[in-house]
Amino acid sequence: MIPEDRLEQIAQRFAYVEARLAEGGGDPVALAREHAELRPVMAAIDRWRRLCAALAEAEALCDDPEMAALAREEVDRLRAELPEAEQAVKHALLPRDAADARPAVLEIRPGTGGEEAALFAGDLLRMYQRYAEAKGWRVEVVELAESDLGGVREAVVRIRGEGVFARLKYESGVHRVQRVPATESGGRIHTSAATVAVLPEAAEVDVAIDPADLRIDTMRASGAGGQHVNTTDSAVRVTHVPTGLVVTSSEKSQHRNREIALEVLRARLYDMERRRAAEARASERRAQVGGGDRSERIRTYNFPQGRLTDHRINLTLYKLDQVMQGDLDEVIDALQAEAQAAQLAEMEE
């Protein structure tokens, strides 16, 4: 059953926010954001309430000899529609992750597998860049260290756009690849891995960093040529002494590098706080999909069979080529649906 008192609270809040927007009071940006979040919830509630009222009216008419036949048809139709409308309300009432609307910091590093793992890390980076491009998101490479064969030793990327973290947060974990490496002359299939971390970008109000806790070093940028490489001390390395976290940025501007490094550091510290809170309710989190435990293998990319398997939800797709080109929506949609199903199950217990 849907708690009517909860629905009434939402309806009253929506009416209040609409009135405040109309009269121009309060913080217009915050009010507009809350209005946009509540609008689809109210649409689902209104539809469910209309169906319930229509059903009650149709059931009452079943006692009228002249209207009974038509009323029974209407009752059957409304009863068929009601479960879907009720489910829509339950979905709308699910608690939202406060970080879902934020931009994200994507970090990719090779795991076991040597040079092949670095090459796979590069493939993953390109996959996410293509996915972001298809979504119309803006991608900014903060740090990129390449291997001798063109793989990736470390990549840190900022991705900005609408709902970035909500879509990418399920990608955190160990990604395993099975294929014949370019370095393999005997044609044998190898298994390698890369780790992916997706962190919600944090604002200054989320994480306060004491300047006394920072050690900031400048160094010469390194990379594939260019007049700024190895000629100016523009790269910046920021070390957060209490945690030992280190962030490097190698853009041309030293001032800009400092800003970028602090933003990435803030995201990592914010992620640490989120994980600490998650550990406090670990048993609850284990029941949910996409908790982002980077110590667990979440997905296997089998190139000889063109198969992708997400182990968290036992999803197997034979469209690996399309996925590697950035076609990730089917996988992410399935992960989101499973997460919502788990939340609904908990809400109904």
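As a basis for the values below, the full set of heavy atoms in this structure was taken, side chains included, without hydrogen atoms, waters or symmetry mates.
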Can you list everything that forms a side-chain hydrogen bond (donor to acceptor under 3.5 Å, both in side chains) with Glu81? Sequence neighbours excluded, please. Arg77
Are any non-hydrogen side-chain atoms of Leu7 and Val89 less than 4.5 angstrom apart? yes
Could you report the tightest heavy-atom contact between Asp271 and Pro200, atom names first, then the distance? OD1-CD, 4.3 Å
How would you list, by chain and number, every residue that makes a ring-ring contact (aromatic ring centres under 6.0 Å, His included) with Phe165, sequence neighbours excluded? none
Salt bridge (Lys or Arg N to Asp or Glu O under 4.0 Å): pairs with one or both residues in residues 235-245, sequence neighbours excluded: Asp217-Arg237
Check: Gln12 and Gln9 side chains under 4.5 Å, non-hydrogen atoms: no
How about Val323 and Leu328: do any of their side-chain heavy atoms sit closer than 4.5 Å? yes
Reported CG-to-CZ distance for the pair Asp310 and Arg297, which is rounded to 0.5 angstrom: 10.5 Å
Distance, nearest 0.5 Å, that separates OG1 of Thr218 from CZ of Arg258: 11.0 Å
Do side-chain atoms of Ser192 reach the backbone of Val177 as a donor and acceptor pair under 3.5 angstrom? no
Validation row: Leu119, Pro181 side chains within 4.5 angstrom (heavy atoms): no
Heavy-atom distance under 4.5 Å between the side chains of Leu317 and Gln322, does that happen here? no
Of all heavy-atom pairs between Ala121 and Val152, which one has the smallest distance, and what is that distance? CB-O, 3.7 Å
N-O pairing of Arg160 and Glu201 below 4.0 Å: yes
Between Lys135 and Glu162 (salt bridge meaning N to carboxylate O under 4.0 Å), is one present in this structure? no
Flag yes if Leu308 and Tyr318 sit in one hydrophobic cluster, no otherwise; membership is Ile, Leu, Val, Met, Phe, Trp, Tyr, and two members link when side-chain heavy atoms are under 4.5 Å apart. no
For Phe14, all residues meeting ring-ring contact (aromatic ring centres under 6.0 Å, His included), sequence neighbours excluded: His35
Nearest 0.5 Å, please: how far is CD in Glu116 from NE2 in His190? 8.5 Å
Shortest non-hydrogen contact from Val174 toward Ala193: CG1-CB, 3.9 Å
Got a sec, which residues hit side-chain contact (heavy atoms from CB on, under 4.5 Å) with Glu73, two or more places apart in sequence or on another chain? Leu70
I'd like to check the side-chain hydrogen bond (donor to acceptor under 3.5 Å, both in side chains) partners of Asp327; sequence neighbours left out, ordered by chain and number. Lys319
Results of ring-ring contact (aromatic ring centres under 6.0 Å, His included) for His311 - residues two or more places apart only: none
Side-chain heavy atoms nearer than 4.5 Å, only ILVMFWY residues, links allowed to pass through others: does that put Ile313 and Val196 together? yes
Ile108 vs Tyr128 side-chain heavy atoms within contact, under 4.5 Å: yes
Check side-chain hydrogen bond (donor to acceptor under 3.5 Å, both in side chains) between Arg153 and all other residues, then give those that pass, not counting sequence neighbours. Glu115
Which heavy atom of Leu144 sits nearest a heavy atom of Ala155, and at what distance? CD1-CB, 4.0 Å
Could you walk me through whether Leu315 and Glu338 satisfy the side-chain contact (heavy atoms from CB on, under 4.5 Å) test, starting with their C-alpha distance in whole Å, then the side-chain angles of each, then the deciding distance to 0.1 Å, before giving a yes or no? CA-CA 11 Å; Leu315 173 71; Glu338 189 72 13; over 6 Å; no
Could you tell me whether the side chain of Phe303 reaches within less than 4.5 Å of the side chain of Val180, counting heavy atoms only? no
dist Ile159:CD1 -> Leu168:CG (nearest 0.5 Å) comes out at 5.0 Å
Could you tell me if the side chain of Ile45 sits less than 4.5 Å from the side chain of Val41, heavy atoms only? yes
Hydrophobic cluster membership, with links at side-chain heavy-atom distances under 4.5 Å among I/L/V/M/F/W/Y: are Val241 and Leu245 in one? no
Glu107: what forms a salt bridge (Lys or Arg N to Asp or Glu O under 4.0 Å) with it, not counting sequence neighbours? Arg109, Arg268
Hey, mind stepping through Leu106 and Val156 against side-chain contact (heavy atoms from CB on, under 4.5 Å) and telling me if it holds? CA-CA 6 Å; Leu106 174 70; Val156 180; over 6 Å; no
Would Asn302 and Leu320 count as a side-chain contact (heavy atoms from CB on, under 4.5 Å) here? Give the steps. CA-CA 8 Å; Asn302 186 299; Leu320 186 55; 5.5 Å; no
Whether Arg167 and Asp333 form a salt bridge (side-chain N of Lys/Arg under 4.0 Å from carboxylate O of Asp/Glu) is what I want to check. yes
Between Gln178 and Gln305, is the side-chain contact (heavy atoms from CB on, under 4.5 Å) condition met? List the steps. CA-CA 9 Å; Gln178 295 172 327; Gln305 297 179 20; over 6 Å; no
Val236 reachable from Val246 in the ILVMFWY side-chain graph, under 4.5 Å edges: no
Sort and list the pairs that fulfil salt bridge (Lys or Arg N to Asp or Glu O under 4.0 Å) and have at least one residue in residues 117-131, not counting sequence neighbours. Asp123-Arg126, Asp123-Arg179
Salt bridge (Lys or Arg N to Asp or Glu O under 4.0 Å) contacts in which one or both residues fall within residues 45-58, not counting sequence neighbours: Glu4-Arg49, Glu8-Arg49, Arg47-Glu84
How close do Ser172 and Val198 get, counting heavy atoms only, and between which atoms? OG-N, 2.9 Å
Hey, is CG on Asp64 packed in by over 12 heavy atoms from elsewhere, all under 6.0 Å? yes
Would you kindly confirm whether Val139 and Val164 end up in one hydrophobic cluster when ILVMFWY residues are joined by side chain heavy atoms under 4.5 Å apart? yes
Smallest separation among heavy atoms of Ala261 and Val238, with atom names: CB-CG2, 3.7 Å
With rounding to the nearest 0.5 angstrom, report the NZ to CD distance, Lys169 to Gln336. 7.5 Å
As an exercise, state the distance from CD of Glu74 to SG of Cys62, rounded to the nearest 0.5 Å. 10.0 Å
With Phe120, which residues qualify under ring-ring contact (aromatic ring centres under 6.0 Å, His included), at least two apart? Tyr301
